[in-house]
There are 2 protein chains.
Amino acid sequence: MEKELFKFISKYMPVSDEEKNAIIELGIFRSYKKDTILLREGEYSNASYFVLKGCIRSYYIVNGEEKTTAFYTESESFSPHCTIDNKPSKHYISCVEASMLTVATPEMEKTIFNKFPRFESLCRILSEELLVKSQLSFDEFKNSSPEERYIKLSKTRPDLIQRVPQYQLASYLGIKPESLSRIRKRISKK
Amino acid sequence: MEKELFKFISKYMPVSDEEKNAIIELGIFRSYKKDTILLREGEYSNASYFVLKGCIRSYYIVNGEEKTTAFYTESESFSPHCTIDNKPSKHYISCVEASMLTVATPEMEKTIFNKFPRFESLCRILSEELLVKSQLSFDEFKNSSPEERYIKLSKTRPDLIQRVPQYQLASYLGIKPESLSRIRKRISKK
DNA sequence: CTTTTTTATTAACTAAAGTCAATAGATTTG
DNA sequence: CAAATCTATTGACTTTAGTTAATAAAAAAG
């Protein structure tokens with residue numbers, strides 16, 4: 001299963017056996033059951049994640065309502081904001097499906113960065129790329145209607161439509177479940 | 001004017017005179033007149049910017065209409081997406097006001113990173129922080145109405161309301177100018 | 001300083017999302 | 001497998017944004 005991780009890294013740079021072993025020795029591979037909550041509002045975290053298998057969801061609870069803001073699936077990585085800013089978490093993170101993740105702390109990163117400095121370069125580059133992706137998604141979100149967003153999502157991440165309950169997709173698209181239901185109806189008529 | 005830059009960096013780590021001189025010698029300080037276009041759709045770029053003074057806007061042109069997606073003001077930094085992904089730019093970048101910027105290329109970064117490796121750590125950390133900020137803004141955008149977004153903006157970036165024409169703010173808030181006009185009217189009545 | 005152009009407001013109307021409530025369908029659990 | 005819970009759909013109604021067009025106000029250009 002760790003192959004996923006090294007396959008991902010090697011898209012950016014070759015990884016030696018020595019480096020692989022150093023990473024494996026950190027003991028960062030973890031399995032979680034469906035609906036496991038990895039982080040709750042108000043908690044602190046120092047974990048960064050990489051999804052080997054499964055689907056992870058980030059959501060807020062506002063006035064008792066879940067507001068889903070992100071889904072992470074195979075080969076995607078994420079750090080909860082509280083890992084970066086050291087403030088209590090504003091959101092929840094949970095497993096939509098049974099999932100396999102790597103879970104790393106800043107200390108582990110430091111260990112690796114000291115041994116192999118080019119991993120810090122890699123992380124800088126990845127982080128810059130993620131920032132660009134996040135901004136492009138945001139730009140696109142602003143400049144499209146709920147219907148356009150749903151159509152786009154079903155093209156770019158068709159798996160999500162299958163894997164995730166519709167009320168979670170709705171708030172991910174910035175609308176109410178009833179509206180998503182109507183949008184789907186509207187589209188199917190065309 | 002370069003003081004702005006070092007003041008910013010020193011919030012994260014002390015900067016020696018040697019480091020300051022190495023940065024100054026790169027010759028990255030630039031002035032631009034109001035409405036200068038720094039980047040056009042279809043062009044390539046390898047520049048990363050830091051705003052010393054002024055206001056910079058990122059926007060798309062879709063069906064002849066400008067869709068503003070970001071404003072960068074004093075002490076904010078940004079890289080156009082094409083600088084990161086080496087694809088032709090999808091958006092425009094221009095100066096809302098006469099502005100002073102630093103403009104760096106990846107080669108310049110490399111030069112500095114080689115001489116002073118901790119600058120790469122700094123850039124990794126900054127980039128991770130920017131990513132978190134971008135995601136938090138996106139989360140908030142999804143979970144609020146146009147009216148709430150406008151109220152929030154006038155609290156968090158009151159200067160923008162003054163500095164920027166309303167039709168640009170409107171598309172930044174994901175709505176039409178007419179709607180923003182009505183929202184402002186609605187709010188003033190309360 | 002007057003004209004032209006750009007930006008902002010207002011109004012009438014349309015389209016779509018929000019809200020509330022009822023119901024149906026699906027899934028989970030005892 | 002039957003009951004309970006969770007999820008999705010539908011309908012009636014309200015609210016707000018989009019659209020088009022006219023006008024007013026402000027800014028830029030001559």
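Computed from coordinates, the A:R186 CZ to D:dT9 P distance equals 14 Å when rounded to whole Å. With rounding to whole Å, B:Y150 atom OH is found 17 Å from D:dA17 atom C1'. Taking atom NZ of A:K185 as the reference point, atom C1' of D:dA8 lies 12 Å away to the nearest angstrom. With rounding to whole Å, A:E148 atom CD is found 12 Å from D:dG18 atom C1'. Rounded to whole Å, atom C1' of D:dG18 lies 11 Å from atom CD of B:E65. Put simply, CD1 on B:I151 is 12 Å from P on D:dT16, counting in whole angstrom units. The interatomic distance linking B:E147 (CD) with D:dG18 (P) rounds to 14 Å, in whole Å.
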Under the side-chain hydrogen bond (donor to acceptor under 3.5 Å, both in side chains) criterion, do A:S79 and B:E128 qualify, and how do the steps go?
CA-CA 9 Å; A:S79 297; B:E128 288 173 356; over 6 Å; no

side-chain contact (heavy atoms from CB on, under 4.5 Å) between A:E66 and A:Y60, intermediate numbers included
CA-CA 6 Å; A:E66 288 184 6; A:Y60 296 71; over 6 Å; no

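In this structure, A:K133 does not pair ionically with A:E140, as no charged nitrogen and carboxylate oxygen lie closer than 4.0 Å.
Of the two residues near DNA chain D, A:S181 and B:P146, the one whose nearest nucleotide lies more 5' is A:S181.
Note that the CD1 atom of A:I183 and the CD1 atom of A:I175 stand 3.5 Å from one another [nearest 0.5 Å].
Shown are A:L52, A:I23, A:I24; of these, the side-chain contact (heavy atoms from CB on, under 4.5 Å) with A:E2 is made only by A:I24. Across A:F8, A:F6, A:F29, a single residue satisfies ring-ring contact (aromatic ring centres under 6.0 Å, His included) together with A:F50, and that is A:F8.
Residue A:R182 has no polar side-chain atom (N or O) positioned under 4.0 Å from OP1 or OP2 of D:dA12.
Ring centroids of B:Y59 and B:Y92 are separated by less than 6.0 Å, placing the two rings close together. Side-chain rings of A:Y49 and A:Y72 stay apart, their centers remaining 6.0 Å or farther from each other.
Shown for residues 165-180 of chain A: residues whose heavy atoms fall under 4.0 angstrom of DNA chain D, namely A:P165, A:Q166, A:Y167, A:E178.
Taking a heavy-atom distance under 4.0 Å as the criterion, the stretch of DNA chain C touched by chain B extends 5' to 3' from C:dT7 to C:dA12.
The stretch residues 168-182 of chain B participates, sequence neighbours left out, in these salt bridge (Lys or Arg N to Asp or Glu O under 4.0 Å) pairs: B:E65-B:K176.
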